[in-house]
Structures are given as C-alpha cells and as structure tokens.
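Just so it is clear: chains get the letters A, B, ... in the order the sequence lines come, proteins before strands, and each one is counted from 1. Only heavy atoms go into these numbers, but all of them, side chains included; no hydrogens, no water, no symmetry mates. Just so it is clear, the model here is predicted, and its values are computed rather than measured.
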2 protein chains.
Amino acid sequence: MTKSSPSARERIVAGAADMISRRGLNATSIRETAKHARAPLGSTYHYFPEGKQQLVTEAVRYTGEWTARNLRKELRAGPVAGLQAFLALWRKIVVDSDFRAGCPVLAVSIEEPAPGETSAVLAAAADVFTTWEGLLADSLREHGAEPERAADLATLIVAAVEGTVAMCRAKRSTQPLDRTAEQLRALILAAVKD
Amino acid sequence: MTKSSPSARERIVAGAADMISRRGLNATSIRETAKHARAPLGSTYHYFPEGKQQLVTEAVRYTGEWTARNLRKELRAGPVAGLQAFLALWRKIVVDSDFRAGCPVLAVSIEEPAPGETSAVLAAAADVFTTWEGLLADSLREHGAEPERAADLATLIVAAVEGTVAMCRAKRSTQPLDRTAEQLRALILAAVKD
DNA sequence: CCTGAGCTATAACAATTGTCATAGTCTACC
DNA sequence: GGTAGACTATGACAATTGTTATAGCTCAGG
C-alpha cells in the first residue's frame, strides 16, 4: 500500500507482475491482467500501445525497483541484515500465496525470446538481476569484503535465492529457504570478517 | 545418443523436455512437441492418455534421471568433481542453445497448479530436486562433511545452479556461472576438510 | 455550451490451444 | 490367411490468445 488509490495504470502493472509470478509469462494473458486490475481491456492497449511486451517489461522493472528499494533500506544495517530481509521478503511471498507465487523476474528469464530478436523483457530482467547484485556487492565491500569476492558472492546470493524460491514452490515447503539462509549467512560473515 | 533409434515415445518425451526448457511449460504445446519429434498428434494421446499433464510429468522425470545418472557417475571422483560436472552440464546446455535453453524442472516449478489440486508435475519436480540434493549430500558426507551441513550445502548447490542458469539466460552471458562455480567450489572444500 | 483529449466499451480477426473421435494402416501371432 | 492390437491420419470442438478497430463516454479549459 504505497498509495491510497493507485492509478489504473499502476494497478495493471502491479497485477501483471503478480500474475506472472504465479503462472509464468505465457500463461498470463492481457485479458486476465485487465480483469485482475478491474480495468477494461481497451485501457491496457491505451496505456501500453506496444502491447504485451511493454506491459511485461514494465512489470519486471516494477518488481525490480520495489525489491531494490527494500534491499537498499535493509542493507543500511549491514549485509547480514540485508540478506535476512531479502530472504524474508521472498519467504513472505511464497508463504502468503500458499506456495503459488515466486519471482516474476525469474519467470520471464526462462522463456525463449522470439527467433532472431533480443527481447526487451529479457534485457529488463538482466538489468534487475545486475542491480540486485550491485547493491549486495557494494554493501559487502563497504563492510570489508574483498572486491572480487564481493561480486562473486553477490551473484551467488541472488542466484541461490531465486533458485530456492522455485524449489520451495515445487516442494511446497520453506525448508529450502531455511537451509540456504543458514549457508548464505555463514558465507557473508566469513567474507566480511575476512 | 543412448540408443541408435529411440522409440517414438522416447523421442516425444525428450523433445518435450527440450521444448519446456526453452519456452516454459505453457508455451509448449502438444502439437509442437509432436511435430518436433516427427510423431503424429494422435500418437501423443495414444502414448499419454492422460494428456499433457502426463507427458510433462514424464519429461520432468526423464530430465531428472538423466541428470542424476550423470551426477552419480561424476561424484565417484568426489564432491568437487561432481560439482564441476554438474555445472559443466548446465553450462553446455546454456551455451549450445545460445542462452535459450535452461532447466525444464525449474520451468515447471514456477507455474501455478490448477486451483484446488496439487499437480503431479510439481510433485515430480520436487522429487527430482530432492534426488539431486540427496546425491550431493551423500557424497559430501562420504568425504567427511558434517551430516547436517552436508544437507544444507546440497540444497544451496542445487538452488544456486538453477538460479544461475536462469540468470545466464537473462544476461546472455556465462559470467554468473563462473562466479557461482568459484564460490561453491570453495564452500565444498571448506565443508569437506572441515 | 462546445471542443478535444483521455479513457472505456464492445466487437471482431486469425491463430493456436488441449482434447476427443473416428477411420485407416500396419504388424505380430495363431 | 486372418484377426487382434498397436499405431497413424485426419478432422473437428469449444476456448482462449494478442491485437486492432470503432464508437461511445467523461470532463476539464475556453
């Protein structure tokens, strides 16, 4: 709830992100995103004249920025606290949805782009991953981690969290999250105190 | 090439796994899997009378077993060698497909099951993940890792590899794989020599 | 009051989807 | 040779897809 009455456009984007995080990119239809946002189908093509690709790209960026804001805030208390918050964020999504929702950025990353063309959606997803990695790596460096190791570890964290969330959905259990949380925490501590 | 002339049924299952690994579950249609396997559409429903769900479930299991065989073999040379082989396997899939293919087990894990019912597909995916984790954990324990830590680390490895493969696709680069490889290798060494 | 822009409503389009039915072909065995 | 069972070929079905077109509404600014 960032606003008391978000605009129809915002509702569509946020709703699309939510639906993609549950059903994947291809199973999310423009008609259903419109219905989900209580907006008419016509409005979708009014706000997003380039069609589905544009809507999905914005949904990916929306999720990326929302998460980055959260991460940035929590990282102010250090990398371990940032990791905990990052994990808690995804755990909440998984649990609250009864293991039906995950990360929309991951979801769009595993769908083949149209032959010949490089997808704007994939590029947005790559940007989001890079942003998340950058935030984590910066925080690690600020707390004494060796620069190269910080970058490697940041990538591992993002990859592990994304993979873990998917595993939780398949297993209908948060056990994978608990396990990777433990391991990643130890890794950060080791990297920071060198 | 495990056989000189695989049966039509095998071709359909293997082809479905490949297509799911590229386009995701919902964008993989039975018509196209049949065409891809040079089998008639009618045959698909002959071999898989329960329809798409059955075909997809078998495709997931097929990938799971194929990978598990590979992993089991390479783990005979120890957990570090097993990890390298596991990573090399996925790297080859990603690179050979020009960053278009990934893991079909991950792909099916992120699609919401029909409301109310628990999907057989998701259950198969969960089984596959658990099998891979078990193989890695056993190997770690055999080489001196503490039991609980072995289980946690095995989960982290599977999750990280799955997430990393997806990130490589989005970024159209193998850099994430290189980075996680480095980190995971160090982790295994530390856990084993304790 | 009128104009025009922003938005909505509704219908249509060609394609594709999963699934089913039915008739035909092939092949191994009696 | 013939018969059963495995497989193929073909076509149909209702639904849903992304997208476009067009006509209507709403409401601020002049």
Measure the distance from CD on B/Glu111 to P on C/dG18 and round it to the nearest whole Å. 12 Å
Separation of A/Asn26 atom CG from D/dT17 atom P, in whole Å? 11 Å
Whole-Å distance separating the CZ atom of A/Arg31 from the C1' atom of C/dT10: 11 Å
A/Arg172 atom CZ, neighbour heavy-atom count above 12 within 6.0 Å: yes
When rounded to the nearest 0.5 angstrom, what is the spacing between CD in B/Glu148 and CG in B/Leu153? 12.5 Å
In whole Å, what is the span from the CD atom of A/Gln54 to the C1' atom of D/dT20? 16 Å
Would you sort out whether A/Lys52 and A/Leu25 count as a side-chain contact (heavy atoms from CB on, under 4.5 Å), showing the intermediate values? CA-CA 10 Å; A/Lys52 188 176 185 178; A/Leu25 175 50; 4.3 Å; yes
Rounding to an integer number of Å, can you tell me how far A/Met19 CE sits from D/dT16 P? 13 Å
Return the value, rounded to whole Å, for the distance between atom CZ of B/Arg38 and atom P of D/dT8. 14 Å
Between A/Glu111 and B/Arg23, is the closest basic N to carboxylate O distance under 4.0 Å? no
When all nucleic acid strands are considered with a 4.0 Å heavy-atom cut-off, which category describes A/Tyr45: base, sugar-phosphate, or nothing? base
Closest to the A/Leu41 side chain: C/dA9, D/dT19, C/dT17? D/dT19
Closest nucleotide among C/dG18, D/dC7, C/dC7 to the B/Ile30 side chain: C/dG18
Between A/Ser29 and D/dT16, is there a contact of a side-chain N or O with OP1 or OP2 at under 4.0 Å? no
Hey, does B/Thr28 reach any base, or is it just sugar-phosphate, or nothing, if we go heavy atoms under 4.0 Å? sugar-phosphate
If you assign each of B/Ser43 and A/Lys52 to its closest nucleotide in DNA chain D, which residue comes earlier from the 5' end? B/Ser43
Nearest-angstrom distance from the residue atom OH of B/Tyr47 to P of C/dT19: 18 Å
Base, sugar-phosphate, or nothing for A/Thr44, non-hydrogen atoms under 4.0 angstrom? nothing
What is the distance from NE2 of B/His46 to C1' of C/dG24, rounded to the nearest Å? 15 Å
I'd like to know if A/Lys171 pairs up with B/Glu133 as an ion pair, taking the criterion as any Lys NZ or Arg NE/NH1/NH2 lying under 4.0 Å from an Asp or Glu carboxylate oxygen. yes
